[in-house]
Structure formats: C-alpha cells, structure tokens
Amino acid sequence: MTLDQQFAKITARRVDLHSAEELKTRLAKSIAENKPLRIKMGADPSAPDLHLGHCVALNKLREFQDCGHTVVFIIGDFTGMIGDPSGKSATRPQLSREQVLENAKSYQDQMFKILDPARTEVHFNSEWFGPMTFDKVIRLSAHVTVAQMLARDDFAKRYAANQPISLVEFLYPLVQAYDSVMVRADVEIGGTDQLFNLLLGREIQKAHGQEPQIVLTMPLLEGLDGVNKMSKSLGNYIAVNDTPKDVFGKTMSVSDDLMWRYFSLVLCLPEEEIAALKAAVASGARHPRDVKDELGRRIVAKFHGEAAGAEASAEFARVFSQNQLPTDIPEVVVPAAKIGILNLMVKAGLAPSTSEARRLVQAGAVKIGEDKVTDFRLAIVPQDGVVIRSGKRGFAKIKTANGVSP
C-alpha cells in the first residue's frame, strides 16, 4: 500500500490529528525501512463487556493493521484500580484486582473479533507500574505541573465548581502517558475525551528521549438514546457479546438520523456509499426502515456471521412486522397456584422489580396471551403454554410445576 493510500485509510473518520505532517513522515520512514509502526491504544477493564462505542477505535486499529502496522493494546489492570474521570464529573469507582483481571480476560476475547491477533501485542501496565518504586513516581511527576493538569477541561470545570479532585486522578494521565514510553508508541488512538491524556504522552516521551507519538482521536458514538455517549452505565449501549437477536433489535431502535453515524463509525462504510444510501432514502427509492434493517444485519454479521444477521432480521420481521411470537421464548416455571401479575413478571425476568412491573402495566405494555393487562393488582392461575409479553421485546412462556415454591 502506498503512502497516500495508507494516509487516506488511516485518517478517515478521525477528529484530531497531531500532526498530519508527522504522520506522513513516520509512514514514509516505515515504508522505506519496511518496519511497521507501533499503534497504541489502552483500555481500563472497568466492566466486562465491550460495546459498539469501543469498536470505533478498534476499527481504526484494524485499519492500521491492514496497512501492515502493529497494534500495541494496553490492558490497564493497574490504572483500572485508580479510576479515570475523563468526560465525567466525578471519580470513577476503584475496582479490586480480581475484578480488573476478570474483566480484562473478557476484553481480550471480544477485541479479537475485530483485531488481527497476529499483528497485536497485548500488555498489562502492571508489568512496569507494579515494581515501580516511589522515588521513580516522584521523578515521573516532576515532568508535569498542576497548571498543566488544570488545563484539562473536566478538571478545570470541577475545580471551578469546588468539586473534589483527588491527587490519584492527577496521576492518571501521567500513568497513561508513561505507558507510551514503555511500549515506544509511534501513534496513540483514543476518543476525543482522551485528547489531553494522549497529548501528555507526547510530552513524557520527549522527556525520556523518545520521538513523540502521533495522536489521533476518533468520534464518540452516541448511544441508543441519540444524545449521550454510548455507555453501560447509561444503559444506552449495544454490547459486542449481545445475542444476534438483541444486537438487531437494539439497532432497529436507533433513530433514522443517527443510523448514518453507525454506518460510518461501526461499519466503516465509505462516505460515498453512505451518501448513496441517503440519496435513495431522500428520493423514496428506499424506505428508512429497510436501510436500518440492512444496518442491523451488517452489524450482527460483523460479530456473529452473515447467517446470524439474516436470521435476526427474519425473526424481527416475524415478531414485529407480522405480529407473531418469537420462536425461542424462554420459559418461566411457576407453581400451579394463583400468583400476582407483578410477581410473575419479576420471576419471568420481564421486569427487574415489582415497581418497574407496575409501571409497565400502567403504561399498557403488558399482555397475557392476547389480552392487555390493565390492573396491576391482577392475580392469575398460571396455565401451561400461555405467553406473557412485556413491551416490544419481552416474552416468557408459563410452565407450571407442582411443588415449586412461590
């Protein structure tokens, strides 16, 4: 691949680039010396699942690999026990080492659904921070000032609002920056909310006599609410490990306006193809729902294969377009004795609590068979095979069992 081809592929869809000239120079040297660049990205395993928001940067890493470069993925098992508030107004809760390691294992299994393992190095930053002595921490801290730290937007806002900022949080960007020194990163990738930390990596590399890394940031993907960054804590996410049925169903709930961002950032569809789809919708040649169906099928196929994408699409059409029942309704086993509708919904996993079940009933979202439930005080005698439905995606089939405790 030529220099121009690599540069175009690598810089597609990006937001910040520090700097274009440095990247071209580093790519030219890589080609001349037949030596791959080292592309760094880090992730703190604060939760066990990756979601489509993480895939935006992972897709970019894969494009670097397709150009012949090496991805250096940092599992922040050390920094994960500190907590990074990037883009947040409070400190992220600290995790135990056991939680971090369990989540890290899950991360690795999922990221290789996108990355090429043969071109990926995985490091845990406890490799170098675990044995680091306190005098080295102090010497490292001497490379940055409090004024520099307060230049970070979220720190500045919290400081101005008299909200607490711990010294541990000040250390976090420094720790992330030192990762770049240890792996000799040529390029670091992150979301736009990581720009300060990534740029600090350049400064720390310079202080250690290394050529500073190029910084490239990717957009933050909006979640299913269409407003906030995709996040597990907000519940507006599609997880990489979601079932094909859930991935497709959640994708179909994305707004018509937002689906173009998913085509671009999740599927990496070229802009000219997206423009052609938009034109087809605008002219009436294609219905937005059909285009969204294509989006759902392609996202499912990305993680589960094309057959799973086609099957998820067909099942969705069967249930929602043709108003039929799903083929794989889970059973809820209950005693053959009268039970309140709210307790039944909780037992069936259709609501996390009786208060949420009551809300669903009052919203008119609950059916038993074909009958809508209007009274949250309703009690029924369960019958085998009867289906209880909650909302658009919640189904459970009743199975009675004598002797089962209520």
Side-chain angles (χ1 to χ4, degrees), residues 15 41-59 76 79-80 82-95 99-100 102-104 106-107 110-111 114 152-155 157-158 161 163-164 169 172 190-197 217-243 245-267 292 295-296 299-300 302-303 349-353 355-357 359-360 363 365 390-394:
V15 179
M41 179 176 155
D44 289 345
S46 55
D49 294 328
L50 295 176
H51 53 62
L52 297 192
H54 296 112
C55 294
V56 176
L58 288 172
N59 286 335
T79 44
I82 296 175
D84 176 28
S86 295
K88 302 176 178 64
S89 59
T91 305
R92 178 189 292 172
Q94 298 178 16
L95 302 178
Q99 288 174 300
V100 166
E102 184 178 342
N103 293 347
S106 178
Y107 266 36
Q110 294 168 69
M111 73 185 187
I114 297 177
R152 185 166 130 169
D153 186 57
D154 53 341
F155 283 161
K157 288 178 180 176
R158 287 165 61 188
Q163 294 177 339
E169 293 179 75
Y172 185 97
T192 52
D193 57 347
Q194 287 286 314
L195 180 60
F196 177 91
N197 295 8
T217 67
M218 297 299 294
L220 301 179
L221 181 68
E222 295 85 355
L224 301 178
D225 55 11
V227 178
N228 298 294
K229 167 186 170 183
M230 186 173 285
S231 165
K232 286 186 67 67
S233 62
L234 295 176
N236 64 350
Y237 67 98
I238 301 175
V240 169
N241 274 349
D242 274 345
T243 64
K245 174 183 172 182
D246 285 343
V247 171
F248 190 90
K250 290 178 181 179
T251 302
M252 292 300 288
S253 73
V254 171
S255 71
D256 292 351
D257 290 336
L258 183 58
M259 71 175 171
W260 307 117
R261 295 267 289 172
Y262 282 56
F263 271 115
S264 175
L265 298 177
V266 178
L267 297 177
K292 199 178 298 180
L295 173 67
I299 291 178
V300 172
K302 184 179 181 76
F303 303 112
L350 300 177
S353 64
S355 59
E356 176 62 13
R359 186 193 68 78
L360 289 167
S390 175
K392 294 182 178 180
R393 298 191 186 91

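Here, residue 1 is the first one in the sequence, and each next residue gets the next number.
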Q | Passing candidate, side-chain contact (heavy atoms from CB on, under 4.5 Å) with L58, options V240, L52, L50 | A |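 Looking at V240, L52, L50, the match for L58 under the side-chain contact (heavy atoms from CB on, under 4.5 Å) is L50.
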(Q) Can you list everything that forms a side chain to side chain donor-acceptor pair (under 3.5 Å) with S231? Sequence neighbours excluded, please. (A)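 For S231, the residues satisfying side chain to side chain donor-acceptor pair (under 3.5 Å) (neighbours in sequence not counted) are S233.
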Q | E356: partners by side chain to side chain donor-acceptor pair (under 3.5 Å), with sequence neighbours left out | A |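 Partners of E356 under the side chain to side chain donor-acceptor pair (under 3.5 Å) test: R359.
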Can you tell me how far apart [atom1] ([X]) and [atom2] ([Y]) are? Round to the nearest 0.5 Å.
X: L234; Y: L224; atom1: CG; atom2: CG; value: 11.0 Å
X: N228; Y: L221; atom1: CG; atom2: CG; value: 12.0 Å
X: N236; Y: K229; atom1: CG; atom2: NZ; value: 10.5 Å
X: D193; Y: D154; atom1: CG; atom2: CG; value: 8.5 Å

Any idea which heavy atoms bring [X] and [Y] closest together, and the distance?
X: S106; Y: D49; answer: OG-OD1, 4.3 Å
X: A57; Y: M41; answer: CB-SD, 3.6 Å
X: A239; Y: V247; answer: O-CG2, 4.1 Å
X: I238; Y: M230; answer: N-SD, 3.7 Å

Q | Chi angles and distances behind the side-chain contact (heavy atoms from CB on, under 4.5 Å) call for I299, K250 | A | CA-CA 11 Å; I299 291 178; K250 290 178 181 179; over 6 Å; no
Q | Presence of salt bridge, D153 and K157, under 4.0 angstrom | A |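 A salt bridge links K157 with D153.
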Q: Before accepting this row, confirm whether a basic side-chain N of the pair R152/E169 lies closer than 4.0 Å to the acidic partner's carboxylate O.
A: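 Salt bridge: no.
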Q.
Keeping N197 on the side-chain end and Q194 on the backbone end, is there a donor-acceptor pair under 3.5 Å?
A.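 Checked: no pair found.
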Check residues 257-267 and write down every donor-acceptor pair under 3.5 Å in which the side-chain atom is one partner and the other belongs to a residue at least two apart or another chain.
from: W260; atom 1: NE1; to: D256; atom 2: O; distance (Å): 3.4
from: R261; atom 1: NE; to: E222; atom 2: OE1; distance (Å): 3.1
from: R261; atom 1: NH2; to: L220; atom 2: O; distance (Å): 3.1
from: R261; atom 1: NH2; to: E222; atom 2: OE1; distance (Å): 3.3
from: R261; atom 1: NH2; to: E222; atom 2: OE2; distance (Å): 3.3
from: Y262; atom 1: OH; to: E222; atom 2: O; distance (Å): 2.8
from: S264; atom 1: OG; to: E271; atom 2: OE2; distance (Å): 3.4

Q. So F248 and T243, side-chain contact (heavy atoms from CB on, under 4.5 Å) or not? Walk me through it.
A. CA-CA 9 Å; F248 190 90; T243 64; over 6 Å; no
Q. Does a side-chain heavy-atom distance below 4.5 Å link L360 with L350?
A.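 L360 vs L350: side chains apart.
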